[in-house]
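Below is one structure, written out as C-alpha cells; comments come after it.
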Amino acid sequence: MVQTQLVQRGINDPRVLAVMRGVLRHLFVDEALAGRAYSDSALPIGEGQTISQPFIVARMTESLQLVGDEEVLEIGTGSGYQTAVLAGLCKKVYTIERHTKLADKARRKLRNLNIHNVIYRNGDGTLGWPEDRLFDRILVTAGAPVVPESLIDQLSIGGFLLIPEGGADCQELVRLIKQEDGSIKREILEMCRFVPLVGAKGWAET
Ligand code: SAH
C-alpha cells in the first residue's frame, strides 16, 4: 500500500511513510472488510461514515508538515486511523467525533495499540475544542460548506488548518495558514470527496 499508493503518487515525507507503514489499516475496519483494508479506497466504518482512502490520509498528513512538537486538533475521529497516524507524528492529538459509538470504539482501539498521546471528545467539532486553547495544526476529515470561524479562532500564529470545503458531493482541500498579523493565507491543494461535516457550523443533519 505504502509503495504503490503513496510513494508512487508523490508522497515523500519519510516520517509520514514510516508511520503509515506501522499503523495497520486492517485493525481499523470490521473483520469482514479486513481483506480490503489495503485497497485504494475509502471503506465503511458504520453510522454511514467511512475510513478515508490511504492516499488522502497521507496527503493530508504530509500537508500538515509535522515535525513532532505540535498539538493537533482533529475533527472527525471516525475509525481512529488518521488519529493514530497523527499521534505518531506530533506531541498530542485532540480529537472530536459526533457519533458516540465511533468515538468509543476509536478510543478503545488506540488504547489497545498503546497510543496514549490522544485526548478524545464526543460532540460537535464545528464549534471547536470546548476549552479555550490554540492548536498548531487543525485537521478536519469531513467536508464543510464553509470553514467554521471557531476553528480559525483556535489556530495559533503560523498554524495550519486543513479542511475540505465546498458542496456535499465534492470539495476543495483547503489549507489556511495564520500569518503573524493574524490574517489568513489560503491555498487550494486539490479536489476531494468527504462525508459531510454535520453540526451547528456545518451541514444540517438530514
Ligand atoms: N479520519 C477518519 C475519517 C472519518 S469520516 C478515519 O480515518 O476513519 C469523518 C468523520 O467525521 C465521521 O466519523 C463523522 O461522524 C465525523 N463528523 C462529521 N461531522 C462532525 C462534527 N461536526 N464533529 C465531529 N465529528 C464529525
Side-chain angles (χ1 to χ4, degrees), residues 1 5-6 16 19-20 23-30 33-34 36-64 72-90 93-110 113 115 118-130 135 137-152 154 161-166 168-169 171 173 192-206:
M1 177 191 94
Q5 296 172 39
L6 311 186
V16 173
V19 167
M20 288 191 67
V23 179
L24 301 178
R25 194 166 181 255
H26 72 269
L27 299 176
F28 294 83
V29 294
D30 282 350
L33 291 173
R36 288 165 59 198
Y38 298 97
S39 64
D40 186 18
S41 60
L43 291 171
I45 55 170
E47 311 292 325
Q49 308 303 318
T50 55
I51 178 172
S52 304
Q53 180 197 15
F55 173 71
I56 202 80
V57 172
R59 180 82 168 98
M60 293 201 300
T61 308
E62 189 174 63
S63 309
L64 291 174
V72 180
L73 172 62
E74 178 193 40
I75 312 298
T77 318
S79 65
Y81 177 67
Q82 171 82 72
T83 320
V85 170
L86 292 172
L89 291 164
C90 72
V93 183
Y94 296 74
T95 187
I96 311 181
E97 169 57 53
R98 64 185 283 270
H99 286 291
T100 314
K101 255 192 183 168
L102 295 177
D104 289 348
K105 207 168 161 184
R107 182 186 287 134
R108 277 198 306 274
K109 191 147 291 172
L110 269 64
L113 292 172
I115 297 173
V118 180
I119 301 184
Y120 305 84
R121 278 284 154 79
N122 181 204
D124 179 5
T126 68
L127 300 170
W129 191 255
F135 298 93
R137 302 287 186 267
I138 300 178
L139 175 62
V140 182
T141 66
V146 288
V147 183
E149 251 341 286
S150 42
L151 297 183
I152 297 177
Q154 288 195 316
L161 163 57
L162 202 60
I163 181 168
E165 185 190 35
D169 294 327
Q171 305 94 32
L173 183 58
C192 56
R193 187 191 166 103
F194 277 83
V195 296
L197 182 73
V198 175
K201 305 289 177 192
W203 295 98
E205 199 155 357
T206 50

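Hydrogens, waters and symmetry mates are skipped; everything else that's a heavy atom, side chains included, is used. In each ligand, atom 1 is the first atom listed, and ligand 1 is the first ligand listed.
- Using a 4.0 Å cut-off between heavy atoms, T141 contacts ligand 1 through both its backbone and its side chain.
- When each atom of ligand 1 is checked for a heavy atom of V195 under 4.0 Å away, the hits are 5 (S), 9 (C).
- Residue-to-ligand polar distances place V198 within reach of ligand 1: an N/O pair is separated by less than 3.5 Å.
- Every N/O-N/O distance between L197 and ligand 1 stays at or above 3.5 Å.
- Less than 4.0 angstrom separates some heavy atom of S79 from each of these atoms of ligand 1: 6 (C), 7 (O), 8 (O).
- Ion pair R98/E205 flagged as a salt bridge, since at least one NZ, NE, NH1 or NH2 atom sits closer than 4.0 Å to an Asp/Glu carboxylate oxygen.
- Side-chain contact of T83 with E74: a donor-acceptor pair under 3.5 Å is present, judged by distance alone.
- Contact record, R137 with L64: NE-O, 2.5 Å, taken as the closest heavy-atom pair.
- Residue-ligand proximity, L102 to ligand 1, at heavy-atom distances under 4.0 Å covers atoms 13 (O).
- Across all non-hydrogen atoms, the minimal contact from P196 to W203 is CB-CD1, 3.7 Å.
- Contact atoms of ligand 1 toward G123: 23 (N), 24 (C) (distance under 4.0 Å to a heavy atom of the residue).
- Each of the atoms 1 (N), 7 (O) of ligand 1 lies under 4.0 Å from some heavy atom of Q82.
- Scanning both residues, A37 and L43, for their nearest heavy atoms gives CA-CD1, 4.0 Å.
- Close approach to T126 involves these atoms of ligand 1, each under 4.0 Å from a residue heavy atom: 22 (N).
- For atom 11 (O) of ligand 1, the closest non-hydrogen atom of the protein is G76 CA, 3.2 Å.
- In the vicinity of P196, heavy-atom distances shorter than 4.0 Å reach the ligand 1 atoms 18 (C), 19 (N).
- With V19 as the fixed residue, the side chain to side chain contact (heavy atoms under 4.5 Å, CB included) test singles out one of L89, T61, L86: L89.
- When E97, R98, R25, K101 are checked for heavy-atom proximity to atom 15 (O) of ligand 1, E97 turns out nearest.
- In terms of protein heavy-atom proximity, atom 14 (C) of ligand 1 is nearest to Q49 OE1, 3.3 Å.
- Between T126 and P148, the shortest heavy-atom contact is O-CB, 3.6 Å.
- Close contacts of ligand 1 with G125, meaning ligand atoms under 4.0 Å from a residue heavy atom, involve 21 (C), 22 (N), 23 (N), 24 (C).
- Comment: K105 engages D30 in a salt bridge, judged by a side-chain N to carboxylate O separation of less than 4.0 angstrom.
- T77 and E97 form no side-chain donor-acceptor contact under 3.5 Å, judged by distance and modelled atom types alone.
- Taking a 4.0 Å cut-off on heavy atoms, L127 fails to register as neighbouring ligand 1.
- The protein non-hydrogen atom at the shortest distance from atom 3 (C) of ligand 1 is T50 O, 3.4 Å.
- Remark: of the listed residues Q5, R25, H26, H26 is the sole one forming a side-chain hydrogen bond (donor to acceptor under 3.5 Å, both in side chains) with Y38.
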